[in-house]
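Read the structure below first, then the notes.
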Amino acid sequence: METILVLAHTENDGSLAKSAREALHAAAALHKSLAGSKLLVGFVGENIQAAANSIAASPVTKYFGVSGADFTQSRYATDAAAAEAICKAAQATIVVAPATSRWARVLPGVAQRLGGRADTHVTGVAAAGGKISVSRWFYRQRMEGALTRTQRPWFIGIDPGSQTPCECGSGTAAVENVAVQLSDGCKRTTVTGIRAPAADAQTIRPDAQLLFVTGAGWTKKQTDGQAHVPEAGKLILDFLKHARASLGSSKSLVDLGGEGQAVLPFLSHLNQVGQTGATPRHAKGLSTCCHGEEPHTVGWRFIGERRAVNLDPNCGWARGKADVLYVADAFKVMAKVNELLANGKT
Amino acid sequence: MSTAYQIVVCGSIVPDPLQTLEPVAAPTGPALKNEMMLPAVLDPWAGHALYEAANLAKNQPGSKVWLVSLGPKAKLQQVMMTVAQKVPFELVALDGSASGFTDATETAAALADAIAAIPGLDKSRLLVFGGWESASRGAGATLQMVGERLGIVDQFQGVDQLTVNADGSLEILERIEGGKHQVSKCAGASALLGWATGNLPEPKNNPQVGMVNMRTVMPALQKAKPVKFAGDGLNFTSVALPKQLRETQIVKEKSPDDIAKEIVEWIKK
């Protein structure tokens with residue numbers, strides 16, 4: 001009989017993130033398909049009661065919590081101690097958690113402490129015949145595999161955006177407080193702040209409907225024999241502003257910036273998508289001036305509807321990968337798109 | 001205050017990302033078709049970690065870099081011919097599978113044992129580096145397990161920047177959600193850092209560095225400890241390439257104005 005524990009950390013305002021609700025949804029579905037299993041939730045954060053109350057109408061039978069000022073920070077030592085204590089208190093055999101930066105940092109280490117196993121970047125969890133299997137991608141989204149494990153506890157990190165968030169009703173939840181003794185060694189690290197680009201310079205928006213992918217073609221010589229990098233930068237930024245899109249970039253374009261060349265100054269490795277970058281999840285994707293075959297195109301493996309603008313009708317980003325390829329000059333197309341979006345016309 | 005760090009970089013080899021990869025069923029579980037024939041490279045994230053380690057060692061006099069690498073010996077030797085020309089390090093080689101289908105726990109055990117066996121290891125000066133991801137399994141789990149086995153509880157993942165402060169403390173920037181960085185201050189070594197891309201470009205090949213490195217690389221390869229992974233309790237029920245191939249509609253004849261109108265309608269839909 002499996003004891004399924006969902007681990008969640010609260011946000012700064014005490015709420016639960018969408019990714020935590022996705023993990024709960026996956027765990028609840030697993031619980032439903034495993035006869036005799038138990039579904040529990042453990043919270044870590046400064047104040048956890050509001051988060052517990054927000055899912056009080058879920059099929060969870062028991063809530064655990066580690067709270068207090070020491071657990072506000074996203075810090076390995078204290079988060080590991082908290083997660084370890086909750087897992088022990090719950091006697092969990094399956095631990096499901098959202099693969100946020102906070103949990104991804106710490107949960108494999110907790111699995112190690114408890115003699116368990118950990119699988120990250122999980123995109124599906126299922127049970128058949130009493131056996132649990134998870135699916136995840138290997139070789140940077142090049143192939144998908146499904147696996148089972150006999151070891152317990154089994155830590156499963158769910159990729160944010162891969163599941164439907166649970167629509168659990170709220171109420172009043174009784175949370176069992178789990179005491180954690182922290183040594184001074186757990187406080188050698190202090191989180192001193194968050195560094196973020198200025199609001200108008202933030203180009204990465206995980207919640208955006210649309211991913212806008214820019215390729216190195218934006219910096220190449222155009223039909224007049226000249227490169228138009230400043231113009232390209234303005235077109236891209238204007239589009240992001242009007243469409244509220246998130247910006248992804250090919251590795252080649254990002255690397256040009258790292259090599260000190262005069263390219264698009266707002267791009268960093270954080271924007272990079274593909275084999276050596278991110279594989280974000282958005283409902284729609286629009287690629288412009290991108291080239292290359294696999295593995296570059298894995299950058300939009302998890303994009304729903306895909307369109308591309310490229311002068312090359314055989315563009316590897318589009319053939320077989322996109323729904324629509326517009327063979328056209330992206331400078332001209334995006335200038336007009338921006339004009340239409342700015343005027344609110346179609 | 002300058003600290004002479006012992007920087008141990010965990011980094012393995014992966015198939016050249018530009019190669020076509022196809023899974024096949026092997027007696028021991030899934031594998032890649034013609035795996036031993038595929039050209040290999042140092043994993044990109046491990047590479048970033050190695051270059052950051054070398055840069056830190058250069059700026060902290062007395063520091064030393066080790067590269068602990070687990071992979072088939074013959075493949076390691078090929079890759080080291082190039083990597084050894086980049087930055088100074090001492091290789092600790094483990095002869096075993098670098099497959100993306102191996103278990104992170106077993107890999108971590110082998111790496112941690114190899115690190116613990118480094119002669120003269122001083123944990124008060126130890127920094128363990130590696131990639132926070134890899135181009136093979138992309139477990140994002142191995143380093144944390146290595147850290148736990150070595151008793152390191154100051155761990156950081158998705159690191160893009162490490163600064164050693166005048167008082168010996170470490171300021172670390174880790175990637176978090178939404179294109180932001182979390183800034184942490186750690187009292188000092190020991191610590192474990194899983195690097196994202198960092199900020200350094202790939203160093204140019206330096207034959208002189210290569211010659212110095214190869215004096216230790218070849219003996220390290222010759223005495224590489226064999227590592228076998230049992231894979232107990234782990235069973236792959238399927239591994240397959242994604243099947244979906246989209247029917248791409250090629251639009252060639254429309255004007256930029258018409259295309260723009262169509263794109264805007266699609267975005268707003």
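Side-chain atoms are counted along with the backbone in the values below, which use heavy atoms only and exclude waters and symmetry mates. The chains referred to below are lettered A, B, ... by the order of the sequence lines, with proteins before strands, and numbering in each begins at 1.
Ranked by non-hydrogen atom pairs under 4.5 Å with chain A, the options B:Gly147, B:Ala109, B:Gly178, B:Gly138 are led by B:Gly178. Between chain B and the options A:Arg306, A:Gln202, A:Lys187, heavy-atom pairs under 4.5 Å are most frequent for A:Arg306. Of the listed residues A:Arg307, A:Gln151, A:Met143, the one with more heavy-atom pairs under 4.5 angstrom with chain B than any other is A:Arg307. With chain A as partner, the option from B:Glu253, B:Lys180, B:Arg137 having the largest number of non-hydrogen pairs under 4.5 angstrom is B:Arg137. Of the listed residues (A:Val333, A:Thr148, A:Thr120, A:Val337), the greatest number of heavy-atom pairs within a distance under 4.5 Å of chain B belongs to A:Thr148. Between chain A and the options B:Glu247, B:Gln182, B:Lys254, the largest number of non-hydrogen pairs under 4.5 Å is found for B:Gln182. Of the listed residues (A:Pro280, A:Gly193, A:Ala308, A:Ser246), the one with the most heavy-atom contacts under 4.5 Å to chain B is A:Gly193. Of all the listed residues (B:Glu148, B:Met145, B:Gln157), the one sharing the greatest number of non-hydrogen pairs under 4.5 Å with chain A is B:Glu148. No other option in B:Gly233, B:Pro256, B:Ala139, B:Gly100 has as many heavy-atom pairs under 4.5 Å with chain A as B:Gly233. In terms of non-hydrogen atom pairs under 4.5 Å with chain B, the most contact-rich of A:Lys332, A:Arg149, A:Glu305 is A:Arg149. Contact count versus chain B (heavy atoms, under 4.5 Å) is highest, among A:Ala335, A:Gly285, A:Ala283, A:Ala328, for A:Gly285.
Nearest heavy-atom pair across B:Gln155 and A:Arg105 is O-CD, 3.5 Å. Shown here for B:Pro23 and B:Ala240, the closest heavy-atom pair between the two residues is CG-CA, 4.1 Å.
When heavy atoms are compared at a cutoff of 4.5 Å, A:Pro206 approaches chain B solely by way of its side chain, counted from C-beta outward. Neither the backbone nor the side chain of A:Phe212 has a heavy atom closer than 4.5 Å to any heavy atom of chain B. Only the side chain of A:Leu210 has a heavy atom closer than 4.5 Å to any heavy atom of chain B. Contact of A:Ala146 with chain B is made through backbone and side chain together, with heavy-atom distances under 4.5 Å. Within the 4.5 angstrom heavy-atom criterion, atoms from both the backbone and the side chain of A:Thr100 approach chain B. Contact annotation for A:Gln209: neither backbone nor side-chain heavy atoms come within less than 4.5 Å of a heavy atom of chain B. Proximity to chain B is absent for every atom of A:Arg205, based on heavy atoms less than 4.5 angstrom apart.
Here A:Phe155 and A:Trp103 keep their ring centres 6.0 angstrom or further from each other.
Looking at A:Arg113 and A:Glu84, a side-chain N of the basic residue comes within less than 4.0 Å of a carboxylate O on the acidic one, giving a salt bridge. Between B:Asp103 and A:Arg117, at least one side-chain nitrogen of the basic residue sits less than 4.0 Å from a carboxylate oxygen of the acidic one, meeting the salt-bridge criterion.
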Just do the side chain to side chain contact (heavy atoms under 4.5 Å, CB included) check on A:Leu341 and B:Lys268 with the steps written out, would you?
CA-CA 10 Å; A:Leu341 288 172; B:Lys268 290 188 169 178; 4.1 Å; yes

Given B:Leu70 and B:Leu111, is the side chain to side chain contact (heavy atoms under 4.5 Å, CB included) satisfied, shown in steps?
CA-CA 8 Å; B:Leu70 166 63; B:Leu111 293 175; 4.3 Å; yes

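One side chain, B:His181 or B:Asp160, offers a donor N or O that lies under 3.5 Å from an acceptor on the other. In this model, a donor atom of one side chain and an acceptor atom of the other lie less than 3.5 Å apart for B:Glu133 and A:His121.
Exactly one residue among B:Trp195, B:Phe156, B:Tyr51 makes a ring pair (Phe, Tyr, Trp, His ring centres under 6.0 Å) with B:Phe129. That residue is B:Trp195. Checked against B:Leu192 for a side-chain contact (heavy atoms from CB on, under 4.5 Å), the options B:Val153, B:Val159, B:Asp154, B:Ile152 give a single hit: B:Ile152.
Relative to the ring axis of A:Phe138, A:Arg142 does not place its NZ or CZ within 45° and under 6.0 Å from the centre. Geometrically, A:Lys284 engages B:Trp266 in a cation-pi contact defined by less than 6.0 Å to the ring centre and at most 45° from the axis.
Residues of residues 29-39 of chain B placed with any heavy atom under 4.5 Å of a heavy atom in chain A are listed by number as B:Leu32, B:Glu35.
Below 30°, between 30° and 60°, or above 60°: for B:Phe101 and B:Phe236 the angle between ring planes is above 60°, a perpendicular geometry.
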